[in-house]
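Read the structure below first, then the notes.
Note that the structure is a prediction, hence the values are computed from the model and not measured.
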Amino acid sequence: GVAAIHLVAPYDKLQATIKEEAKGCDSMAEKICAAAVDAATYAIDKLYSYRVPDELREQVQIGTRVLVPFGFGNKRAEAVVLAFREDAGEFKLKPIVEVLDETPILTAEQLRLAAWMRERLYCTYFDCVHAMLPAGLWFKRNETYTLAPDADLAALRERDGEAGQVLALFEQPGQTLSVSEIRDRLGKGAGQTLDALAGEGILIYHSNTAQKTGDKTEKMLRLDMEASEAMSHISRRSPARMDVVSLLSDGGAMSQKEIVYMTGVSDAALRDMTKKGILRAEYEEVLRAPDFSEVPRAAAPVLSAAQQQAYDGMAALMDENAPRAALLFGVTGSGKTQVYLQLIAHALEQGKSAIVLVPEIGLTPQLLRQFAARFGEEVAVLHSALSAGERYDSFKKIKTGRARVVIGTRSAVFAPAKNLGVIIIDEEQDAAYRSEQSPRYHARDVAKYRAAQTDALLVLGSATPSVETYYGAKQGKYPVFTLTERFLGAGLPEVIISDMRGLAREGRSGIIGPDLERELISTLEKGKQAILFLNRRGNSRCLVCVDCGDAPSCPRCSVYLTYHSVTNRLMCHYCGHSQPAPDTCPDCGGAMKHIGFGTQKVEEELTRLFPGTELLRMDADTVGEGHEKLLREFQRRRIPILLGTQMVAKGLDFAGVTLVGVLAADLSLYVDHYRAAERTF
């Protein structure tokens, strides 16, 4: 079982230390907690000891966030409690100021994961904690300084230096200014002066903390007495109020909005009825998470023989209740999603939960409809296109166990799903699973660690697995389940490779070659649709020979060199190798040219070639309107041509599309990255 998750490291020494220190300390007999502080940079990031005041003993638990004094100025800082300690040694400890969470926001599993990530990824504890929590759960702190009410302002303004500049901002004793206001006017260096003035008692420091997003509630009303008695309290000249009583006579509750809509009664009248004791007001939580209740339910799919064989093999691995991994290697359109659905259903039958990761937000809506049709309200979605409130409510829905199927992009790997049974990573080779911000984690590695911790099955699905995943499978570290045929016997598409190198000599320029233009004309004449994909990871910072297609590469690193126009030199961004940019190809003597173009330039050429033909462009500039809306328009209105970057290249399924054009297919080969060839494939 452990061999299957071969990249998962054992508990690191830091985690072992936490476990040892927390041993036997889960009861609140101890008064000292070990906490990771948000204000600590990487160089000083460690567990800091704080005294737990008697009045906070019951509230401070492992996994709760607290407010603590930190540093020489004792500025309030957010911290998370990771353990309890028995002895402070010879040090005098500062006390915890405030408890920010009513219940632990992080589970024991998440705390272990944070310690593991910190040790591997060169980041702080709080970098990891922030990655795990939705933005709505983060806190915002408002810091202010008040001029002491008994301060002699005239005398204080005579002080020299920065102290005088700070005091000049206050117009009268008792006035309050925020720290941000003071720093905007005097600069960040005012912090030490503010601390000194607060130490003298001239300024009084205040700090209050609030969560960025809270629960959304709705006002519900119900009868607080028998219907007959309620009618006796209502005048016959108030038919709307009588309608309210009739509406609520079955003893149920209804939202105030619905009552107003159905009876025409005013809000003031409802407040009066509540004041008189006829109605009772209650507040009910309303989830802002996407609602799947109206999605028509679908039956379990009928699997082909190959799909059934893959499902049976992976379900058997899941039933072992041990850390397992498997590669589902299936050609495009082979029905991997149907296998995923069956595996998730199997996990739910066992009382377990599932996480499904997709690389792009654009994939989520179409995939969501399939999962919502199968699992209904048990589905929760997590990705950055949701509002802070929606992500906060989805997180709560998962944590409370109301949603056991989580679908999302990279960060959904941290979802607090209980009793994990299976983690599925679709298109596992995609570079989008690697975070470019601290903590710089790879979702696949985090998923392996979580699977090892929870005895879950990890499924890596792809038509083009990453080199390391495929190598691991070939070495026998985990089994491979292969789907070689498309679902329902559909054939693989004909692929035409169009060589455009000689077109420039023939006097033809442009991005759309003659082969693609011919196929586009045929597609449009038949009333079908086409998707044109431009891999914009490539750009014009590369030189390529127009005759042989060769590009200069680094003699040490085997990556293509990047062109810098300021110095007219080629440079390797790995080792720093630099050389003059040649005018002619070193191999064949052909002319060197800059390559690269964007979707707008392609759009202009398509408009020129096919005047009057409707075109939908989908890239970073247009997705502000929403991925789902754009794709719905393409499908509903049968727009002839969809042009886009990588967000249109994966996982989309449109019956009307009979042509896909990959523009400048070799462009991404010349990117200065050692995985350029793999990603292009």
Side-chain angles (χ1 to χ4, degrees), residues 298-318 324-348 354-375 379 381 405-410 412-413 421-433 443-444 447-448 451 456-466 469-470 472-473 478-493 646-655 657 660 681:
V302 178
L303 301 183
S304 67
Q307 288 174 320
Q308 188 66 45
Q309 186 177 2
Y311 163 72
D312 290 340
M314 287 186 283
L317 291 175
M318 192 191 304
R324 289 294 184 189
L327 170 61
L328 181 58
F329 184 18
V331 298
T332 305
S334 58
K336 293 188 289 292
T337 303
Q338 308 304 322
V339 180
Y340 298 158
L341 289 168
Q342 288 294 80
L343 280 172
I344 293 168
H346 185 64
L348 297 184
I355 294 176
V356 183
L357 300 184
V358 293
E360 301 276 357
I361 298 170
L363 292 181
T364 313
Q366 202 163 38
L367 197 67
L368 261 181
R369 284 193 290 274
Q370 297 183 55
F371 280 78
R374 183 73 190 279
F375 304 114
V379 174
V381 59
V405 181
V406 183
I407 302 175
T409 47
R410 179 178 63 224
V413 74
V422 61
I423 304 174
I424 297 168
I425 304 183
D426 193 33
E427 303 289 351
E428 65 85 28
Q429 82 290 342
D430 201 285
Y433 287 124
R444 185 175 57 217
K448 287 178 179 179
L457 169 67
L458 174 63
V459 178
L460 305 170
S462 178
T464 54
S466 62
T469 296
Y470 193 66
Y478 37 79
V480 183
F481 299 94
T482 308
L483 301 176
T484 56
E485 297 181 357
R486 285 192 151 189
F487 191 60
L488 298 177
L492 289 168
Q646 51 261 28
M647 58 188 73
V648 305
K650 293 162 286 196
L652 302 178
D653 183 14
F654 298 111
V657 174
V660 174
F681 173 75

Does any N or O in the side chain of Arg486 come within less than 3.5 Å of the main-chain N or O of Thr332, such that one atom is a donor and the other an acceptor? yes
I'd like to check the ring pair (Phe, Tyr, Trp, His ring centres under 6.0 Å) partners of Tyr311; sequence neighbours left out, ordered by chain and number. none
What verdict does the side-chain contact (heavy atoms from CB on, under 4.5 Å) test give for Lys336 and Leu483, after you've listed the backbone C-alpha separation in whole Å, the side-chain angles of each residue and the deciding distance to 0.1 Å? CA-CA 8 Å; Lys336 293 188 289 292; Leu483 301 176; 4.1 Å; yes
Sequence neighbours excluded, the answer for side-chain contact (heavy atoms from CB on, under 4.5 Å) partners of Ala316 is none
Going by atom types only, do Ser462 and Gln429 share a side-chain donor-acceptor pair under 3.5 Å? yes
Holding to side-chain contact (heavy atoms from CB on, under 4.5 Å), I want the full list of residues that pass it with Ala305, two or more places apart in sequence or in another chain. none
Rounded to the nearest 0.5 angstrom, the CZ-OG1 distance for Phe681 and Thr464 is 6.5 Å
Name all residues meeting the ring pair (Phe, Tyr, Trp, His ring centres under 6.0 Å) criterion together with Tyr470; count only those two or more places apart in sequence or in a different chain, and write none if there are none. Phe329
At what distance, to the nearest 0.5 angstrom, does CZ of Arg410 lie from CD1 of Ile425? 12.5 Å
CD1 of Ile424 to CG of Leu457: how many Å apart, nearest 0.5 Å? 8.0 Å
Does some side-chain heavy atom of Val422 sit less than 4.5 Å from a side-chain heavy atom of Val459? yes
Are Arg324 and Met318 side-chain neighbours, meaning at least one heavy-atom pair lies under 4.5 Å? no
With side-chain contact (heavy atoms from CB on, under 4.5 Å) as the test, would you mind laying out the steps for Gln342 and Leu303 before giving the verdict? CA-CA 9 Å; Gln342 288 294 80; Leu303 301 183; 3.8 Å; yes
What are the two closest non-hydrogen atoms of Tyr478 and Ala325, and how far apart are they? CB-O, 3.2 Å
Indicate the atoms forming the closest heavy-atom contact of Leu458 with Ala451, along with that distance. CB-CB, 4.2 Å
How about Gln338 and Arg374: does a side-chain donor come under 3.5 Å of a side-chain acceptor? no
Leu327 and Pro465, any side-chain heavy atoms less than 4.5 Å apart: yes
Taking side chain as C-beta onward, heavy atoms only, is Tyr340 less than 4.5 Å from Leu328? yes
Distance (rounded to the nearest 0.5 Å) between Ile407 CD1 and Asp426 CG: 10.5 Å
Please evaluate residues Phe375 and Leu341 with respect to the criterion side-chain contact (heavy atoms from CB on, under 4.5 Å), reporting the C-alpha separation (whole Å), side-chain torsions for both, the decisive distance (0.1 Å), and the verdict. CA-CA 9 Å; Phe375 304 114; Leu341 289 168; 3.7 Å; yes
Quick one: pull up OG1 in Thr482 and CD in Gln309 and give me the separation to the nearest 0.5 Å. 9.0 Å
Which atom pair, heavy atoms only, marks the closest approach of Ala447 to Ile423? O-CD1, 3.7 Å
What pairs with Ala412 under side-chain contact (heavy atoms from CB on, under 4.5 Å), at least two apart in sequence or on another chain? Leu357, Leu382, Val406
Would Ile344 and Phe371 count as a side-chain contact (heavy atoms from CB on, under 4.5 Å) if you check the C-alpha gap in whole Å, the side-chain angles of each, and the deciding distance to 0.1 Å? CA-CA 10 Å; Ile344 293 168; Phe371 280 78; 3.1 Å; yes
Which residues pass the side chain to side chain donor-acceptor pair (under 3.5 Å) test with Glu428, sequence neighbours left out? Arg444, Ser466, Thr469
Nearest-0.5 Å distance, CD of residue Gln307 to CG of residue Asp312: 11.5 Å
